[in-house]
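The structure appears right after this line, and notes come after that.
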Amino acid sequence: SFNGEITVVHNGIIKNSDEIKGKLIKKGINFYSETDTEVIANYLTTIDINKNLGKIFKDLKGTYSLIIGNSAGDITLIKQFSPLHILKTDNEIYISSDISSLPSGELYTLKDGDIIKIVNKEIVGSKDIKFKQHISNKEQLNLGLYSHYMLKEINETPEAIRDTYFNIKDIDFKAILKGYTEITLL
């Protein structure tokens, strides 16, 4: 956030981000990027996070999951249409939008409208949270030469684009790619 008190990790799209940003600019809040994540962080400085988190669902239109950190070290998780999971082991708490990235442990998959707080490694939800045993099946991911799935996805991107390009017909790629000066398909 502009004042350094709130940090946000965001997965999704805020459809009314420009509208919210305009209101915040009128209140004197400065922005340093064009991202809806910065809009969310700055928006959160204008509400009482401890009392009005439900207001977020009314104000932010779109699909999102949020991980919100404050200057006290507390973490708040909010889910609206984008995936979000929390997993605890004996010593750690993991948060991820991709269940396949998680180790074995006790798992809770957030539901739309869920608000979960982590304070001093204690997990508290807006509703009853029932964790279930999760067994990591990383061996089923077929990582090949890669140490983790994200590296595999990054390195397979050219192949995925090529496969998509050759398998989709009747699309005007010149219109879609207008403005790009060079694209190489391997």
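The analysis underlying the following values was restricted to heavy atoms, covering all of them including side chains, and did not include hydrogens, waters or symmetry mates. We're numbering straight along the sequence, starting at 1.
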Check the pair Thr37 / Thr35 against side-chain hydrogen bond (donor to acceptor under 3.5 Å, both in side chains), numbers first and verdict last. CA-CA 5 Å; Thr37 304; Thr35 67; 4.7 Å; no
Carefully, step by step, assess Glu5 and Asn70 under the rule side-chain contact (heavy atoms from CB on, under 4.5 Å). CA-CA 6 Å; Glu5 292 183 14; Asn70 65 21; over 6 Å; no
Set of residues satisfying salt bridge (Lys or Arg N to Asp or Glu O under 4.0 Å) with respect to Lys130, sequence neighbours excluded: Asp128
Would you say CG of Asp112 has more than 12 non-hydrogen atoms from neighbouring residues, nucleotides or ligands within 6.0 angstrom? yes
Minimum side-chain heavy-atom gap Leu66-Leu77 below 4.5 Å: no
Run the salt bridge (Lys or Arg N to Asp or Glu O under 4.0 Å) test against Lys15 and tell me which residues pass, sequence neighbours left out. none
Minimum heavy-atom separation for Lys79 to Phe81, with atom names? NZ-N, 3.7 Å
Identify the heavy atoms of Asp114 and Phe57 that sit nearest to each other, and give their distance. O-CZ, 4.0 Å
Sort out for me which residue in Thr76, Ile78, Val9 forms a side chain to side chain contact (heavy atoms under 4.5 Å, CB included) with Ile67. Val9
Are the side chain of Ser1 and the backbone of Ile6 linked by a donor-acceptor contact shorter than 3.5 Å? yes
Does Lys23 come within less than 4.0 Å of Glu19, counting only side-chain N to carboxylate O? yes
Sorted by chain and residue number, the salt bridge (Lys or Arg N to Asp or Glu O under 4.0 Å) partners of Glu106 (sequence neighbours excluded) come out as none
Stepwise, does the side-chain hydrogen bond (donor to acceptor under 3.5 Å, both in side chains) test hold for Ser100 with Asp98? CA-CA 5 Å; Ser100 66; Asp98 181 2; 2.7 Å; yes
If you measure from CD on Gln133 to CG on Leu107, what distance do you get to the nearest 0.5 Å? 9.5 Å
Take Tyr64 and Leu84, measure what side-chain contact (heavy atoms from CB on, under 4.5 Å) needs, and give me the verdict at the end. CA-CA 9 Å; Tyr64 51 87; Leu84 193 57; over 6 Å; no
Carboxylate-amine/guanidinium proximity below 4.0 Å for Asp74 and Lys117: no
Got Leu110 and Ile116 here, is their nearest side-chain heavy-atom distance under 4.5 Å? yes
Assess whether side-chain contact (heavy atoms from CB on, under 4.5 Å) is satisfied between Ile56 and Ile47, documenting all intermediate values. CA-CA 9 Å; Ile56 291 172; Ile47 66 170; 3.9 Å; yes
Dump the intermediate steps for side-chain contact (heavy atoms from CB on, under 4.5 Å) on Ile86 and Ile93, then the final yes or no. CA-CA 7 Å; Ile86 184 168; Ile93 295 174; 3.9 Å; yes
Assigning hydrophobic clusters by single linkage (Ile, Leu, Val, Met, Phe, Trp, Tyr; side-chain heavy-atom cutoff under 4.5 Å), is Leu44 placed with Ile25? yes
Do the side chains of Ile118 and Ile95 get nearer than 4.5 Å, heavy atoms only? yes
Is the side chain of Asn11 donor-acceptor paired with the backbone N or O of Ser65 at a distance under 3.5 Å, no angle test? no
Tell me, please, which residues at least two apart from Tyr43 pass side-chain hydrogen bond (donor to acceptor under 3.5 Å, both in side chains). Asp59
Flag this pair as yes if the NZ/CZ of Lys88 is under 6.0 angstrom from the six-membered ring centre of Tyr94 and inside a 45 degree cone about the axis; otherwise no. no
Partners meeting side-chain hydrogen bond (donor to acceptor under 3.5 Å, both in side chains) with Thr109 (sequence neighbours left out): His85
Tightest non-hydrogen contact, residues Phe2 and Asn30, listed as CB-O, 4.0 Å
I need the single residue from Ser101, Pro103, Ser96 that forms a side chain to side chain contact (heavy atoms under 4.5 Å, CB included) with Leu87. Which is it? Pro103
Indicate the atoms forming the closest heavy-atom contact of Lys61 with Asn16, along with that distance. N-OD1, 3.0 Å
How far apart are the closest heavy atoms of Ser82 and Gly12, and which atoms are they? OG-CA, 4.0 Å
Salt bridge (Lys or Arg N to Asp or Glu O under 4.0 Å): pairs with one or both residues in residues 25-48, sequence neighbours excluded: Lys21-Glu34
Is the side chain of Ser17 donor-acceptor paired with the backbone N or O of Ile14 at a distance under 3.5 Å, no angle test? no
